[in-house]
Amino acid sequence: MKTRSQTAPKPLKTVALAPRSSGSKRSSRPKPAGKGDPRAPKKPPTAFFYFMEDFRKTYKQENPSVKSMQEIGKACGGKWNTMAFEEKVKYYDIATEKRAEFEKAMIEYNKKKESGEISEESD
DNA sequence: TCATTGATTGTTGAT
DNA sequence: ATCAACAATCAATGA
């Protein structure tokens, strides 16, 4: 409800009227601004990641032989899909709070940039 | 690097 | 000029 995301597939507008007109495939990010940013707020882990932290331990206990995150990741995704929203909401809640802080940090970060770019702290 | 999914951000297109 | 949507990249882990 507050955030725009949260897996809320809403009907589009422009897309409905103009599906893909103006052929312009923006393949790849035109301007990777977040590459050389001095102190750009990094993205906080998503609910899935938080769940993974907990799942990792559990999975490791049941599968001490499995150390590859690749396999755990698949297992995580599999279970994540079977998990009830009530269980997931718990991780969503954590991630949501983190995002709130991240958003705030991003706003200030943008302001700084707008103000006059951030001085690269000469260490 | 790989895989998982979610989330964010940026750019562009259209009105 | 502003809204809306898309699209791609990134986030951590652990060998």
Side-chain angles (χ1 to χ4, degrees):
Chain A
M1 304 51 155
K2 26 187 123 126
T3 51
R4 46 177 69 64
S5 318
Q6 191 162 117
T7 71
K10 282 176 72 172
L12 319 182
K13 272 191 190 169
T14 53
V15 135
L17 297 166
R20 282 85 168 278
S21 302
S22 7
S24 249
K25 36 174 85 189
R26 326 164 195 95
S27 336
S28 339
R29 244 196 321 170
K31 285 159 77 157
K35 187 125 194 176
D37 279 344
R39 318 157 193 312
K42 287 188 183 153
K43 307 174 184 179
T46 63
F48 180 70
F49 272 50
Y50 281 109
F51 165 66
M52 195 205 272
E53 287 181 66
D54 187 51
F55 183 88
R56 264 192 327 112
K57 298 172 188 171
T58 305
Y59 191 91
K60 197 175 177 180
Q61 286 175 21
E62 297 189 43
N63 306 285
S65 308
V66 177
K67 298 192 243 148
S68 335
M69 289 305 301
Q70 287 99 336
E71 186 158 334
I72 297 173
K74 286 185 185 178
C76 278
K79 176 145 184 187
W80 186 252
N81 283 290
T82 60
M83 273 178 78
F85 181 74
E86 293 179 36
E87 300 293 309
K88 295 195 290 190
V89 91
K90 158 172 139 196
Y91 299 98
Y92 273 99
D93 184 62
I94 301 167
T96 301
E97 291 182 69
K98 294 293 179 190
R99 285 191 302 258
E101 289 186 74
F102 167 75
E103 282 185 81
K104 204 168 64 177
M106 175 58 81
I107 292 163
E108 289 191 62
Y109 163 75
N110 283 330
K111 279 171 73 173
K112 282 184 176 184
K113 270 184 89 171
E114 197 185 337
S115 193
E117 259 192 87
I118 305 171
S119 287
E120 211 173 311
E121 205 170 277
S122 342
D123 193 55

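Remark: A/Lys88 NZ is packed, more than 12 non-hydrogen atoms of other residues, nucleotides or ligands lying under 6.0 Å away.
When the nucleotides B/dG6, C/dC10, B/dT9 are ranked by their closest atom to the side chain of A/Lys43, C/dC10 comes out on top.
In this structure, A/Glu53 atom CD and C/dA11 atom C1' are separated by 11 Å, rounded to whole Å. As rounded to whole Å, 22 Å separates atom P of C/dA12 from atom OH of A/Tyr59. Note: CZ (A/Phe102) to P (B/dG6) measures 18 Å, nearest angstrom. Nucleotide B/dG6 holds its P atom 15 Å from the CZ atom of A/Phe55, rounded to whole Å. Atom NZ in A/Lys42 sits roughly 15 Å away from atom C1' in C/dT13 (whole-Å rounding). In this structure, A/Ile94 places its CD1 atom 15 Å from C1' of C/dA12, rounding to the nearest Å. Separating the CE atom of A/Met83 from the P atom of B/dT5 is a distance of 14 Å, rounded to the nearest angstrom.
With hydrogens and angles disregarded, a donor-acceptor distance shorter than 3.5 Å links the side chain of A/Asn81 to the backbone of A/Gly77.
Here A/Phe51 lies out of heavy-atom contact (under 4.0 Å) with every strand.
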Restricting both atoms to N or O, compile the protein contacts to nucleotides 2-4 of chain B shorter than 3.5 Å, with distance only.
from: B/dC2; atom 1: O2; to: A/Gln70; atom 2: NE2; distance (Å): 2.1
from: B/dT4; atom 1: O4'; to: A/Gly73; atom 2: O; distance (Å): 3.3

